[in-house]
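Down below is the structure, laid out as C-alpha coordinates.
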Amino acid sequence: MRSRPGEAQPFYVTTPIYYPNDVPHIGHAYTSVAADALARWRRLWGDDVMFLTGTDEHGLKMQRTAEAEGITPQELVDRTSPTFRELATSLDITNSDFIRTTEPRHHAAVQQFLQKIYDNGYIELGTYEGLYCVSCEAYYTEDELMDGNCPIHARPVERVTEDNYFFQLSRFEDRLLEHYDARPEAVQPETRRNEVLGFIKQGLRDFSVSRTSITWGVPLPWDPKHVAYVWADALFNYCSAIGYATDRERFDRYWPVDYHLIGKDILRFHAVYWPAMLFAADEAPPKCVFAHGWLQIGGDKMSKTQGNVIRPADLIEEFGVDGYRYHFLADQRFGPDGEFSYENMLARYNADLANNFGNLANRVLNMAVSYCEGVAPEARAEGPLVEASRVAFDGVQAAMEHLDFARAFGAVWDLIRAANSFIEDQEPWKLHKAGDTAATAAVLGDCLEALRIVALLASPVIPRAAAELWTRLGLEGGPEDQRLPDAAAWGLGPSGTKLDKGAPLFPRIES
Ligand code: MSP
(Lines give C-alpha, C1' and ligand atoms only; values in the text may rest on other atoms or scores of the structure.)
Protein backbone atom coordinates (compact mmCIF):
# COMPACT_ATOMS: atom_id res chain seq x y z
CA MET A 1 0.00 0.00 0.00
CA ARG A 2 1.64 3.28 -1.07
CA SER A 3 0.69 6.58 0.52
CA ARG A 4 -2.77 8.07 0.72
CA PRO A 5 -3.32 11.73 -0.24
CA GLY A 6 -1.74 14.02 2.35
CA GLU A 7 0.42 11.23 3.77
CA ALA A 8 4.19 11.10 3.51
CA GLN A 9 5.29 9.35 0.35
CA PRO A 10 7.30 6.17 1.01
CA PHE A 11 10.80 6.25 -0.49
CA TYR A 12 13.10 3.25 -0.27
CA VAL A 13 16.84 3.39 -1.02
CA THR A 14 19.48 0.72 -0.45
CA THR A 15 23.24 0.24 -0.57
CA PRO A 16 24.73 -3.15 -1.38
CA ILE A 17 25.32 -5.24 1.71
CA TYR A 18 29.07 -5.48 2.22
CA TYR A 19 31.20 -8.61 2.62
CA PRO A 20 32.66 -8.29 6.08
CA ASN A 21 35.69 -10.44 5.32
CA ASP A 22 37.52 -7.22 4.70
CA VAL A 23 37.95 -3.96 6.60
CA PRO A 24 35.80 -1.17 5.17
CA HIS A 25 37.55 1.01 2.60
CA ILE A 26 36.60 4.19 0.73
CA GLY A 27 34.98 2.08 -2.04
CA HIS A 28 32.46 0.70 0.43
CA ALA A 29 31.87 4.10 1.99
CA TYR A 30 31.27 5.61 -1.44
CA THR A 31 27.84 4.02 -2.03
CA SER A 32 26.77 4.61 1.56
CA VAL A 33 27.57 8.32 1.44
CA ALA A 34 25.70 8.70 -1.85
CA ALA A 35 22.66 6.82 -0.55
CA ASP A 36 22.73 8.98 2.55
CA ALA A 37 22.74 12.23 0.58
CA LEU A 38 19.78 10.96 -1.41
CA ALA A 39 17.93 9.84 1.74
CA ARG A 40 18.49 13.23 3.37
CA TRP A 41 17.35 15.02 0.24
CA ARG A 42 14.11 12.99 0.11
CA ARG A 43 13.46 13.64 3.79
CA LEU A 44 13.67 17.36 3.08
CA TRP A 45 10.76 16.77 0.71
CA GLY A 46 8.81 15.17 3.53
CA ASP A 47 9.11 11.58 2.28
CA ASP A 48 8.87 8.64 4.63
CA VAL A 49 12.38 7.38 3.87
CA MET A 50 13.47 3.80 4.42
CA PHE A 51 17.25 3.58 3.97
CA LEU A 52 18.90 0.20 4.26
CA THR A 53 22.49 -0.97 4.47
CA GLY A 54 24.12 -4.01 6.08
CA THR A 55 26.49 -6.95 5.71
CA ASP A 56 26.50 -10.04 3.48
CA GLU A 57 27.76 -12.77 5.78
CA HIS A 58 27.35 -16.17 4.09
CA GLY A 59 29.19 -17.94 1.29
CA LEU A 60 32.45 -19.59 0.52
CA LYS A 61 34.51 -16.43 0.90
CA MET A 62 33.44 -16.03 4.55
CA GLN A 63 33.83 -19.73 5.26
CA ARG A 64 37.38 -19.73 3.87
CA THR A 65 38.41 -16.52 5.61
CA ALA A 66 37.20 -17.98 8.91
CA GLU A 67 39.00 -21.30 8.28
CA ALA A 68 42.21 -19.43 7.57
CA GLU A 69 41.89 -17.66 10.91
CA GLY A 70 40.96 -20.85 12.74
CA ILE A 71 37.57 -19.54 13.86
CA THR A 72 33.96 -20.27 12.89
CA PRO A 73 32.30 -18.14 10.22
CA GLN A 74 29.85 -16.94 12.86
CA GLU A 75 32.70 -15.75 15.06
CA LEU A 76 34.27 -14.02 12.10
CA VAL A 77 31.16 -12.09 11.08
CA ASP A 78 30.26 -11.22 14.66
CA ARG A 79 33.64 -9.58 14.93
CA THR A 80 33.75 -7.85 11.54
CA SER A 81 30.15 -6.83 10.81
CA PRO A 82 30.24 -4.12 13.53
CA THR A 83 33.09 -2.36 11.70
CA PHE A 84 30.66 -1.65 8.87
CA ARG A 85 28.06 -0.37 11.28
CA GLU A 86 30.72 1.87 12.82
CA LEU A 87 31.75 3.07 9.38
CA ALA A 88 28.18 4.26 8.81
CA THR A 89 28.12 6.06 12.14
CA SER A 90 31.49 7.68 11.52
CA LEU A 91 30.20 9.17 8.26
CA ASP A 92 26.90 10.46 9.71
CA ILE A 93 25.00 7.96 7.58
CA THR A 94 21.32 8.07 8.54
CA ASN A 95 20.34 4.50 7.64
CA SER A 96 17.01 3.38 9.07
CA ASP A 97 18.14 -0.20 9.54
CA PHE A 98 21.26 -2.35 9.27
CA ILE A 99 20.62 -5.89 8.11
CA ARG A 100 22.89 -8.87 8.65
CA THR A 101 22.17 -11.92 6.53
CA THR A 102 22.81 -14.15 9.53
CA GLU A 103 19.76 -12.75 11.33
CA PRO A 104 16.67 -14.95 11.80
CA ARG A 105 14.43 -12.38 10.07
CA HIS A 106 16.56 -12.76 6.96
CA HIS A 107 16.69 -16.57 7.08
CA ALA A 108 12.93 -16.79 7.33
CA ALA A 109 12.43 -14.45 4.40
CA VAL A 110 14.97 -16.20 2.15
CA GLN A 111 13.35 -19.55 2.82
CA GLN A 112 9.87 -18.25 2.16
CA PHE A 113 10.97 -16.51 -1.03
CA LEU A 114 12.88 -19.47 -2.49
CA GLN A 115 10.04 -21.81 -1.57
CA LYS A 116 7.67 -19.55 -3.48
CA ILE A 117 9.85 -19.64 -6.59
CA TYR A 118 10.18 -23.41 -6.24
CA ASP A 119 6.42 -23.84 -5.85
CA ASN A 120 5.89 -21.63 -8.89
CA GLY A 121 8.00 -24.12 -10.87
CA TYR A 122 11.07 -21.98 -11.62
CA ILE A 123 13.66 -23.99 -9.68
CA GLU A 124 14.80 -27.50 -10.59
CA LEU A 125 17.67 -29.85 -9.73
CA GLY A 126 20.65 -30.22 -12.08
CA THR A 127 24.40 -30.79 -12.16
CA TYR A 128 26.71 -27.90 -12.51
CA GLU A 129 30.20 -27.84 -13.79
CA GLY A 130 31.77 -24.44 -14.02
CA LEU A 131 34.55 -22.00 -13.25
CA TYR A 132 34.09 -20.23 -9.96
CA CYS A 133 35.72 -17.06 -8.59
CA VAL A 134 35.53 -17.11 -4.81
CA SER A 135 36.22 -13.36 -4.51
CA CYS A 136 33.19 -12.59 -6.72
CA GLU A 137 31.21 -15.58 -5.45
CA ALA A 138 30.25 -16.04 -9.12
CA TYR A 139 30.65 -18.46 -12.02
CA TYR A 140 32.33 -17.50 -15.26
CA THR A 141 32.45 -19.07 -18.71
CA GLU A 142 35.82 -19.71 -20.42
CA ASP A 143 35.37 -16.76 -22.75
CA GLU A 144 34.59 -14.34 -19.93
CA LEU A 145 38.01 -14.95 -18.32
CA MET A 146 40.94 -12.62 -18.90
CA ASP A 147 44.19 -14.54 -19.46
CA GLY A 148 42.52 -17.49 -17.76
CA ASN A 149 41.76 -15.42 -14.64
CA CYS A 150 38.69 -13.77 -13.13
CA PRO A 151 38.09 -10.56 -15.15
CA ILE A 152 37.45 -8.55 -11.97
CA HIS A 153 40.00 -9.89 -9.52
CA ALA A 154 42.67 -11.08 -11.99
CA ARG A 155 42.98 -14.24 -9.90
CA PRO A 156 42.66 -17.93 -10.84
CA VAL A 157 39.15 -19.41 -10.90
CA GLU A 158 38.29 -22.91 -9.61
CA ARG A 159 36.64 -25.73 -11.53
CA VAL A 160 33.59 -26.81 -9.54
CA THR A 161 31.18 -29.70 -10.14
CA GLU A 162 28.15 -30.22 -7.94
CA ASP A 163 24.46 -31.01 -7.81
CA ASN A 164 22.67 -27.72 -7.54
CA TYR A 165 19.20 -26.39 -7.77
CA PHE A 166 18.89 -24.12 -10.76
CA PHE A 167 16.83 -21.02 -11.19
CA GLN A 168 15.39 -20.94 -14.71
CA LEU A 169 16.63 -17.53 -15.66
CA SER A 170 16.36 -18.44 -19.35
CA ARG A 171 12.58 -18.31 -19.11
CA PHE A 172 12.71 -14.60 -18.24
CA GLU A 173 14.50 -13.11 -21.25
CA ASP A 174 11.38 -11.70 -22.89
CA ARG A 175 9.87 -10.51 -19.65
CA LEU A 176 13.06 -8.65 -18.73
CA LEU A 177 13.37 -7.06 -22.16
CA GLU A 178 9.72 -5.97 -22.07
CA HIS A 179 10.25 -4.54 -18.60
CA TYR A 180 13.31 -2.51 -19.60
CA ASP A 181 11.64 -1.41 -22.77
CA ALA A 182 8.67 -0.05 -20.84
CA ARG A 183 10.86 1.49 -18.12
CA PRO A 184 14.01 2.97 -19.60
CA GLU A 185 14.82 4.62 -16.27
CA ALA A 186 14.98 1.26 -14.48
CA VAL A 187 18.75 0.94 -15.05
CA GLN A 188 20.92 4.04 -14.89
CA PRO A 189 23.14 5.57 -16.16
CA GLU A 190 22.40 4.91 -19.85
CA THR A 191 25.70 3.06 -20.46
CA ARG A 192 24.77 0.53 -17.78
CA ARG A 193 21.32 0.08 -19.25
CA ASN A 194 22.88 -0.75 -22.62
CA GLU A 195 25.21 -3.20 -20.94
CA VAL A 196 22.28 -4.96 -19.29
CA LEU A 197 20.23 -5.09 -22.50
CA GLY A 198 23.24 -6.47 -24.37
CA PHE A 199 23.72 -9.16 -21.76
CA ILE A 200 20.07 -10.24 -21.85
CA LYS A 201 19.98 -10.27 -25.66
CA GLN A 202 22.97 -12.62 -25.79
CA GLY A 203 20.69 -15.21 -24.19
CA LEU A 204 20.38 -16.00 -20.50
CA ARG A 205 21.47 -19.22 -18.88
CA ASP A 206 19.91 -20.80 -15.83
CA PHE A 207 22.01 -20.30 -12.73
CA SER A 208 22.47 -22.38 -9.64
CA VAL A 209 20.88 -21.11 -6.45
CA SER A 210 22.17 -23.75 -4.03
CA ARG A 211 25.35 -25.40 -2.81
CA THR A 212 26.02 -28.74 -1.16
CA SER A 213 29.78 -28.21 -0.89
CA ILE A 214 29.40 -25.74 1.97
CA THR A 215 27.20 -25.55 5.02
CA TRP A 216 27.59 -21.85 5.82
CA GLY A 217 24.31 -20.46 4.49
CA VAL A 218 20.53 -20.63 4.62
CA PRO A 219 19.22 -24.25 4.15
CA LEU A 220 16.67 -24.71 1.37
CA PRO A 221 13.34 -25.46 3.04
CA TRP A 222 12.44 -28.35 0.70
CA ASP A 223 15.92 -29.92 0.66
CA PRO A 224 18.03 -28.83 3.66
CA LYS A 225 21.17 -30.65 2.43
CA HIS A 226 21.51 -27.63 0.20
CA VAL A 227 22.21 -24.11 1.37
CA ALA A 228 21.18 -21.10 -0.71
CA TYR A 229 23.91 -19.74 -2.99
CA VAL A 230 25.21 -16.56 -1.36
CA TRP A 231 23.85 -14.22 -4.06
CA ALA A 232 20.39 -15.82 -4.01
CA ASP A 233 20.48 -15.23 -0.26
CA ALA A 234 22.07 -11.76 -0.30
CA LEU A 235 19.84 -10.04 -2.83
CA PHE A 236 16.89 -10.92 -0.72
CA ASN A 237 18.07 -8.71 2.14
CA TYR A 238 16.30 -5.85 0.43
CA CYS A 239 12.98 -7.57 1.05
CA SER A 240 13.64 -9.25 4.39
CA ALA A 241 14.43 -5.92 6.07
CA ILE A 242 11.03 -4.48 5.19
CA GLY A 243 9.05 -7.40 6.53
CA TYR A 244 8.66 -9.85 3.63
CA ALA A 245 8.24 -12.79 6.02
CA THR A 246 6.66 -10.97 8.92
CA ASP A 247 4.75 -7.84 7.97
CA ARG A 248 3.18 -7.84 4.55
CA GLU A 249 1.62 -4.43 5.01
CA ARG A 250 4.99 -2.85 5.71
CA PHE A 251 6.54 -4.73 2.82
CA ASP A 252 3.87 -3.43 0.43
CA ARG A 253 4.43 0.09 1.68
CA TYR A 254 8.10 0.20 0.64
CA TRP A 255 8.31 -2.32 -2.18
CA PRO A 256 9.20 -1.94 -5.00
CA VAL A 257 12.38 -0.17 -3.95
CA ASP A 258 12.98 3.27 -5.47
CA TYR A 259 16.76 2.97 -5.81
CA HIS A 260 19.25 0.17 -5.44
CA LEU A 261 22.59 2.01 -5.47
CA ILE A 262 25.39 -0.36 -6.41
CA GLY A 263 28.86 -0.52 -7.96
CA LYS A 264 29.10 -1.53 -11.61
CA ASP A 265 30.70 -4.89 -10.75
CA ILE A 266 27.43 -6.18 -9.32
CA LEU A 267 25.14 -4.85 -12.03
CA ARG A 268 24.14 -8.20 -13.54
CA PHE A 269 23.08 -9.58 -10.22
CA HIS A 270 20.88 -6.57 -9.56
CA ALA A 271 19.53 -5.82 -13.01
CA VAL A 272 19.15 -9.33 -14.45
CA TYR A 273 19.07 -12.08 -11.81
CA TRP A 274 17.26 -10.08 -9.16
CA PRO A 275 14.29 -8.78 -11.20
CA ALA A 276 13.87 -12.25 -12.74
CA MET A 277 13.76 -13.87 -9.31
CA LEU A 278 11.25 -11.27 -8.20
CA PHE A 279 9.09 -11.99 -11.25
CA ALA A 280 9.30 -15.70 -10.43
CA ALA A 281 8.06 -15.00 -6.90
CA ASP A 282 5.22 -12.75 -8.16
CA GLU A 283 6.83 -9.57 -6.83
CA ALA A 284 7.52 -6.29 -8.62
CA PRO A 285 11.05 -5.48 -9.87
CA PRO A 286 13.11 -2.52 -8.49
CA LYS A 287 12.10 0.88 -9.87
CA CYS A 288 15.72 1.81 -10.47
CA VAL A 289 19.11 0.14 -10.22
CA PHE A 290 21.78 2.85 -10.37
CA ALA A 291 25.33 1.57 -10.86
CA HIS A 292 28.27 3.84 -10.14
CA GLY A 293 31.85 3.36 -11.30
CA TRP A 294 34.87 2.36 -9.30
CA LEU A 295 37.11 4.55 -7.28
CA GLN A 296 40.51 3.85 -8.68
CA ILE A 297 43.98 4.52 -7.47
CA GLY A 298 46.57 5.03 -10.17
CA GLY A 299 44.10 3.46 -12.63
CA ASP A 300 43.50 0.28 -10.57
CA LYS A 301 40.32 -0.65 -8.72
CA MET A 302 40.88 -0.31 -5.03
CA SER A 303 40.42 -3.55 -3.13
CA LYS A 304 42.03 -5.74 -0.56
CA THR A 305 42.98 -8.13 -3.36
CA GLN A 306 44.92 -5.31 -5.09
CA GLY A 307 46.54 -4.26 -1.81
CA ASN A 308 45.80 -0.55 -2.35
CA VAL A 309 43.17 0.03 0.27
CA ILE A 310 42.48 3.47 1.78
CA ARG A 311 40.60 3.58 5.07
CA PRO A 312 37.88 6.19 5.49
CA ALA A 313 38.89 6.77 9.14
CA ASP A 314 42.26 8.25 8.10
CA LEU A 315 40.63 10.76 5.77
CA ILE A 316 37.85 11.62 8.23
CA GLU A 317 40.47 12.40 10.84
CA GLU A 318 42.15 14.87 8.55
CA PHE A 319 39.23 16.40 6.62
CA GLY A 320 36.33 15.90 9.02
CA VAL A 321 33.10 14.10 8.15
CA ASP A 322 31.83 16.91 5.93
CA GLY A 323 35.19 17.29 4.18
CA TYR A 324 35.08 13.57 3.45
CA ARG A 325 31.50 13.56 2.20
CA TYR A 326 32.08 16.68 0.13
CA HIS A 327 35.02 15.14 -1.68
CA PHE A 328 33.35 11.88 -2.60
CA LEU A 329 30.05 13.44 -3.60
CA ALA A 330 30.81 16.83 -5.06
CA ASP A 331 34.30 16.19 -6.39
CA GLN A 332 33.66 12.81 -8.04
CA ARG A 333 30.99 12.25 -10.68
CA PHE A 334 28.57 9.57 -9.48
CA GLY A 335 28.39 7.16 -12.41
CA PRO A 336 31.73 6.98 -14.21
CA ASP A 337 34.92 5.61 -12.66
CA GLY A 338 36.76 8.16 -10.56
CA GLU A 339 40.38 8.48 -9.61
CA PHE A 340 41.07 9.08 -5.93
CA SER A 341 43.89 11.50 -5.28
CA TYR A 342 44.82 12.89 -1.89
CA GLU A 343 46.34 16.03 -3.44
CA ASN A 344 43.15 16.74 -5.31
CA MET A 345 41.07 16.18 -2.21
CA LEU A 346 43.24 18.60 -0.24
CA ALA A 347 43.22 21.25 -2.97
CA ARG A 348 39.45 21.14 -3.39
CA TYR A 349 38.86 21.18 0.36
CA ASN A 350 40.87 24.36 0.70
CA ALA A 351 39.50 26.03 -2.42
CA ASP A 352 35.83 25.15 -2.07
CA LEU A 353 35.12 24.58 1.59
CA ALA A 354 37.71 26.69 3.40
CA ASN A 355 37.84 29.57 0.91
CA ASN A 356 34.58 29.86 -0.96
CA PHE A 357 32.05 28.54 1.50
CA GLY A 358 33.86 29.13 4.78
CA ASN A 359 34.87 32.66 3.85
CA LEU A 360 31.40 33.67 2.78
CA ALA A 361 29.93 32.45 6.05
CA ASN A 362 32.66 34.04 8.15
CA ARG A 363 32.66 37.38 6.38
CA VAL A 364 28.91 37.79 6.39
CA LEU A 365 28.49 36.74 10.01
CA ASN A 366 31.40 38.85 11.19
CA MET A 367 30.16 41.96 9.45
CA ALA A 368 26.57 41.42 10.56
CA VAL A 369 27.67 40.92 14.15
CA SER A 370 29.79 44.07 14.21
CA TYR A 371 27.74 46.39 11.98
CA CYS A 372 24.23 45.31 12.99
CA GLU A 373 24.70 44.64 16.70
CA GLY A 374 24.52 40.92 16.23
CA VAL A 375 20.92 40.91 15.05
CA ALA A 376 20.08 39.71 11.53
CA PRO A 377 18.66 42.42 9.29
CA GLU A 378 15.77 41.51 7.01
CA ALA A 379 16.44 40.39 3.45
CA ARG A 380 14.93 42.59 0.75
CA ALA A 381 12.13 41.21 -1.36
CA GLU A 382 14.13 41.88 -4.49
CA GLY A 383 17.78 41.95 -5.37
CA PRO A 384 20.40 39.99 -7.27
CA LEU A 385 20.49 37.11 -4.79
CA VAL A 386 16.77 36.37 -5.05
CA GLU A 387 17.09 35.06 -8.58
CA ALA A 388 20.43 33.35 -7.83
CA SER A 389 18.77 31.45 -4.96
CA ARG A 390 15.89 30.33 -7.13
CA VAL A 391 18.25 29.16 -9.86
CA ALA A 392 20.32 27.27 -7.26
CA PHE A 393 17.28 25.46 -5.91
CA ASP A 394 16.06 24.53 -9.40
CA GLY A 395 19.57 23.38 -10.28
CA VAL A 396 19.90 21.14 -7.22
CA GLN A 397 16.47 19.68 -7.79
CA ALA A 398 17.12 18.86 -11.45
CA ALA A 399 20.51 17.32 -10.70
CA MET A 400 19.21 15.21 -7.83
CA GLU A 401 16.63 13.65 -10.16
CA HIS A 402 19.64 12.05 -11.87
CA LEU A 403 21.65 11.44 -8.72
CA ASP A 404 24.18 13.90 -10.10
CA PHE A 405 25.52 15.03 -6.74
CA ALA A 406 28.43 16.92 -8.26
CA ARG A 407 26.13 19.01 -10.45
CA ALA A 408 23.74 19.56 -7.53
CA PHE A 409 26.55 20.88 -5.44
CA GLY A 410 27.76 22.97 -8.39
CA ALA A 411 24.40 24.73 -8.30
CA VAL A 412 24.85 25.56 -4.60
CA TRP A 413 28.34 26.79 -5.40
CA ASP A 414 26.98 29.19 -8.02
CA LEU A 415 24.90 30.77 -5.28
CA ILE A 416 27.93 31.03 -3.00
CA ARG A 417 29.90 32.68 -5.81
CA ALA A 418 27.02 35.05 -6.54
CA ALA A 419 26.90 36.06 -2.87
CA ASN A 420 30.67 36.54 -2.72
CA SER A 421 30.69 38.79 -5.77
CA PHE A 422 27.67 40.69 -4.49
CA ILE A 423 29.70 41.54 -1.38
CA GLU A 424 32.72 42.58 -3.48
CA ASP A 425 30.44 44.81 -5.54
CA GLN A 426 28.53 46.40 -2.71
CA GLU A 427 31.44 46.76 -0.28
CA PRO A 428 29.32 46.82 2.91
CA TRP A 429 32.38 47.84 4.96
CA LYS A 430 32.47 51.11 3.01
CA LEU A 431 28.74 51.61 3.44
CA HIS A 432 29.16 51.09 7.15
CA LYS A 433 32.08 53.49 7.35
CA ALA A 434 30.04 56.09 5.49
CA GLY A 435 27.33 55.70 8.13
CA ASP A 436 24.77 54.32 5.68
CA THR A 437 23.07 51.96 8.14
CA ALA A 438 20.13 51.16 5.89
CA ALA A 439 22.27 50.18 2.91
CA THR A 440 24.63 48.11 5.10
CA ALA A 441 21.70 46.24 6.62
CA ALA A 442 20.15 45.64 3.21
CA VAL A 443 23.28 44.06 1.75
CA LEU A 444 23.96 41.90 4.80
CA GLY A 445 20.31 40.90 5.16
CA ASP A 446 20.38 39.58 1.59
CA CYS A 447 23.61 37.68 2.23
CA LEU A 448 22.34 36.10 5.45
CA GLU A 449 19.25 34.87 3.68
CA ALA A 450 21.39 33.47 0.87
CA LEU A 451 23.45 31.69 3.53
CA ARG A 452 20.29 30.13 4.95
CA ILE A 453 19.40 28.76 1.53
CA VAL A 454 22.97 27.52 1.03
CA ALA A 455 22.80 25.69 4.38
CA LEU A 456 19.48 24.13 3.45
CA LEU A 457 20.53 22.95 -0.01
CA ALA A 458 23.99 21.79 1.05
CA SER A 459 22.73 19.90 4.10
CA PRO A 460 22.38 16.47 2.41
CA VAL A 461 26.09 16.59 1.52
CA ILE A 462 27.70 18.50 4.41
CA PRO A 463 25.17 18.04 7.22
CA ARG A 464 27.38 19.16 10.11
CA ALA A 465 28.50 22.48 8.63
CA ALA A 466 24.96 23.14 7.41
CA ALA A 467 23.51 22.57 10.89
CA GLU A 468 26.23 24.70 12.48
CA LEU A 469 25.60 27.54 10.06
CA TRP A 470 21.87 27.28 10.74
CA THR A 471 22.48 27.71 14.44
CA ARG A 472 24.86 30.61 13.91
CA LEU A 473 22.20 32.33 11.85
CA GLY A 474 20.03 32.12 14.96
CA LEU A 475 17.47 29.88 13.28
CA GLU A 476 15.45 27.30 15.15
CA GLY A 477 15.82 23.55 14.67
CA GLY A 478 18.09 22.49 11.86
CA PRO A 479 18.05 22.25 8.07
CA GLU A 480 16.71 18.69 8.38
CA ASP A 481 13.52 20.02 10.00
CA GLN A 482 12.68 22.09 6.92
CA ARG A 483 10.31 21.06 4.16
CA LEU A 484 10.87 21.66 0.47
CA PRO A 485 9.86 23.34 -1.72
CA ASP A 486 8.50 25.98 0.72
CA ALA A 487 11.68 26.28 2.79
CA ALA A 488 13.71 27.25 -0.28
CA ALA A 489 11.57 30.34 -0.88
CA TRP A 490 13.36 33.64 -0.47
CA GLY A 491 12.59 35.75 2.61
CA LEU A 492 11.89 33.17 5.31
CA GLY A 493 14.61 34.26 7.67
CA PRO A 494 16.84 34.88 9.57
CA SER A 495 15.44 38.39 10.09
CA GLY A 496 15.68 39.60 13.72
CA THR A 497 17.51 36.52 14.97
CA LYS A 498 20.59 36.68 17.16
CA LEU A 499 23.74 35.88 15.19
CA ASP A 500 26.84 34.07 16.31
CA LYS A 501 30.06 34.48 14.33
CA GLY A 502 31.84 31.39 15.71
CA ALA A 503 35.12 29.86 14.54
CA PRO A 504 35.84 29.11 10.84
CA LEU A 505 33.53 26.33 9.60
CA PHE A 506 36.27 24.74 7.51
CA PRO A 507 39.74 25.65 8.77
CA ARG A 508 42.40 25.52 6.04
CA ILE A 509 44.48 22.35 5.99
CA GLU A 510 48.13 22.97 5.24
CA SER A 511 49.43 19.39 4.95
N1 MSP B 1 28.18 -8.53 -0.92
C2 MSP B 1 28.16 -8.11 -2.25
C3 MSP B 1 26.93 -7.24 -2.54
C4 MSP B 1 25.63 -7.91 -2.26
S5 MSP B 1 24.30 -6.84 -2.49
C6 MSP B 1 22.97 -7.78 -2.39
C7 MSP B 1 29.42 -7.30 -2.55
N8 MSP B 1 30.08 -6.82 -1.50
S9 MSP B 1 31.44 -5.99 -1.58
O10 MSP B 1 31.74 -5.67 -0.21
O11 MSP B 1 32.42 -6.70 -2.32
O12 MSP B 1 31.14 -4.71 -2.39
C13 MSP B 1 30.11 -3.87 -2.02
C14 MSP B 1 30.05 -2.63 -2.88
O15 MSP B 1 31.25 -1.89 -2.74
C16 MSP B 1 29.88 -2.92 -4.37
O17 MSP B 1 28.88 -2.04 -4.87
C18 MSP B 1 31.18 -2.56 -4.96
O19 MSP B 1 31.03 -2.06 -6.27
C20 MSP B 1 31.62 -1.44 -4.02
N21 MSP B 1 33.03 -1.25 -4.13
C22 MSP B 1 34.03 -2.06 -3.72
N23 MSP B 1 35.21 -1.51 -4.12
C24 MSP B 1 34.96 -0.36 -4.77
C25 MSP B 1 35.74 0.67 -5.29
N26 MSP B 1 37.03 0.63 -5.32
N27 MSP B 1 35.10 1.78 -5.77
C28 MSP B 1 33.74 1.94 -5.68
N29 MSP B 1 33.00 0.98 -5.20
C30 MSP B 1 33.56 -0.23 -4.90
O31 MSP B 1 29.74 -7.11 -3.71
Side-chain angles (χ1 to χ4, degrees), residues 13-35 52-62 65 77 80-81 83-85 87-88 93 98-102 106 109-110 113 133-138 150 152-153 155 192 209 217-218 228-241 257 259-275 277-278 286 289-312 315 327-329 332-341:
V13 56
T14 67
T15 74
I17 48 172
Y18 305 104
Y19 289 131
N21 68 317
D22 201 349
V23 286
H25 58 61
I26 57 175
H28 299 125
Y30 188 54
T31 327
S32 295
V33 167
L52 182 68
T53 187
T55 42
D56 185 357
E57 307 187 358
H58 291 129
L60 190 52
K61 198 201 299 247
M62 289 302 148
T65 309
V77 296
T80 56
S81 170
T83 59
F84 284 84
R85 209 185 274 265
L87 173 75
I93 304 292
F98 186 100
I99 189 148
R100 298 183 53 184
T101 53
T102 47
H106 179 68
V110 170
F113 180 69
C133 167
V134 181
S135 293
C136 293
E137 296 276 18
C150 161
I152 292 185
H153 294 91
R155 292 173 117 197
R192 301 292 163 222
V209 289
V218 181
Y229 164 48
V230 63
W231 271 101
D233 153 351
L235 285 163
F236 209 64
N237 86 88
Y238 302 130
C239 293
S240 31
V257 64
Y259 282 102
H260 283 318
L261 302 192
I262 57 163
K264 65 178 186 180
D265 48 332
I266 54 177
L267 179 64
R268 270 182 209 178
F269 289 108
H270 283 82
V272 181
Y273 296 18
W274 179 225
M277 290 174 81
L278 287 161
V289 173
F290 193 109
H292 61 71
W294 285 338
L295 282 177
Q296 318 207 58
I297 299 194
D300 277 334
K301 184 190 179 213
M302 192 192 44
S303 69
K304 190 177 169 188
T305 331
Q306 306 274 353
N308 58 357
V309 165
I310 296 181
R311 307 264 165 84
L315 296 175
H327 175 70
F328 288 100
L329 287 176
Q332 305 270 352
R333 287 282 315 282
F334 193 69
D337 288 343
E339 178 70 24
F340 174 77
S341 130

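Both ligands and their constituent atoms are indexed starting at 1 by order of listing.
For the ligand labelled ligand 1, residue H292 lies inside the 4.0 Å heavy-atom shell. Taking a 4.0 Å cut-off on heavy atoms, W231 registers as neighbouring ligand 1. Using a 4.0 Å cutoff on heavy atoms, E137 does not count as a contact of ligand 1. Put simply, no part of P20 is less than 4.0 Å from ligand 1, judged by heavy atoms.
Remark: ligand 1 atoms within the under-4.0 Å shell around heavy atoms of G263 are 17 (O), 19 (O). Contact atoms of ligand 1 toward G293: 28 (C) (distance under 4.0 Å to a heavy atom of the residue). Proximity to H28 (heavy-atom distance under 4.0 Å) selects the following atoms of ligand 1: 10 (O), 15 (O). Numbered from 1 in the order shown, with element, the atoms of ligand 1 that lie under 4.0 Å from a heavy atom of H270 read 5 (S), 6 (C). Less than 4.0 angstrom separates some heavy atom of W294 from each of these atoms of ligand 1: 27 (N), 28 (C).
Compare F269, Y238, Y18 by their heavy atoms: the one nearest to atom 5 (S) of ligand 1 is in Y238. The option from I17, L295, D56, I266 that lies nearest to atom 27 (N) of ligand 1, judged by heavy atoms, is L295.
Backbone and side-chain nitrogen or oxygen atoms of Y19 are examined, and one is located within less than 3.5 angstrom of a nitrogen or oxygen of ligand 1. Note: no N/O pair closer than 3.5 Å links K264 and ligand 1 by distance alone.
Aromatic ring orientation, Y238 versus H260: tilted (interplanar angle from 30° to 60°). Ring geometry for H28 versus H25: interplanar angle under 30°, hence parallel rather than tilted (30 to 60°).
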**Request:** Go through V110 and T101 one step at a time and tell me if the side chain to side chain contact (heavy atoms under 4.5 Å, CB included) criterion holds.
**Result:** CA-CA 9 Å; V110 170; T101 53; over 6 Å; no

**Pair F84-I17, side chain to side chain contact (heavy atoms under 4.5 Å, CB included): steps then yes or no** = CA-CA 10 Å; F84 284 84; I17 48 172; over 6 Å; no

**Request:** Before giving the answer on side chain to side chain contact (heavy atoms under 4.5 Å, CB included), spell out for Y19 and T65 the whole-Å C-alpha distance, their side-chain angles and the decisive distance to 0.1 Å.
**Result:** CA-CA 11 Å; Y19 289 131; T65 309; over 6 Å; no

**Message:** Is there a side chain to side chain contact (heavy atoms under 4.5 Å, CB included) between T83 and V23? Walk through the geometry before answering.
**Reply:** CA-CA 7 Å; T83 59; V23 286; 5.8 Å; no

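Put simply, CD1 on I93 and OG on S32 are 5.5 Å apart, with the number rounded to the nearest 0.5 Å.
Among residues two or more places apart in sequence or in another chain, the side chain to side chain contact (heavy atoms under 4.5 Å, CB included) test is passed with H292 by Y30, T31, F334.
Taking each heavy atom of L261 and A34 in turn, the nearest pair found is CD1-C, 4.0 Å.
Residue contacts with ligand 1 for H25 involve side-chain atoms from C-beta outward but no N, CA, C or O (heavy atoms, distance under 4.0 Å).
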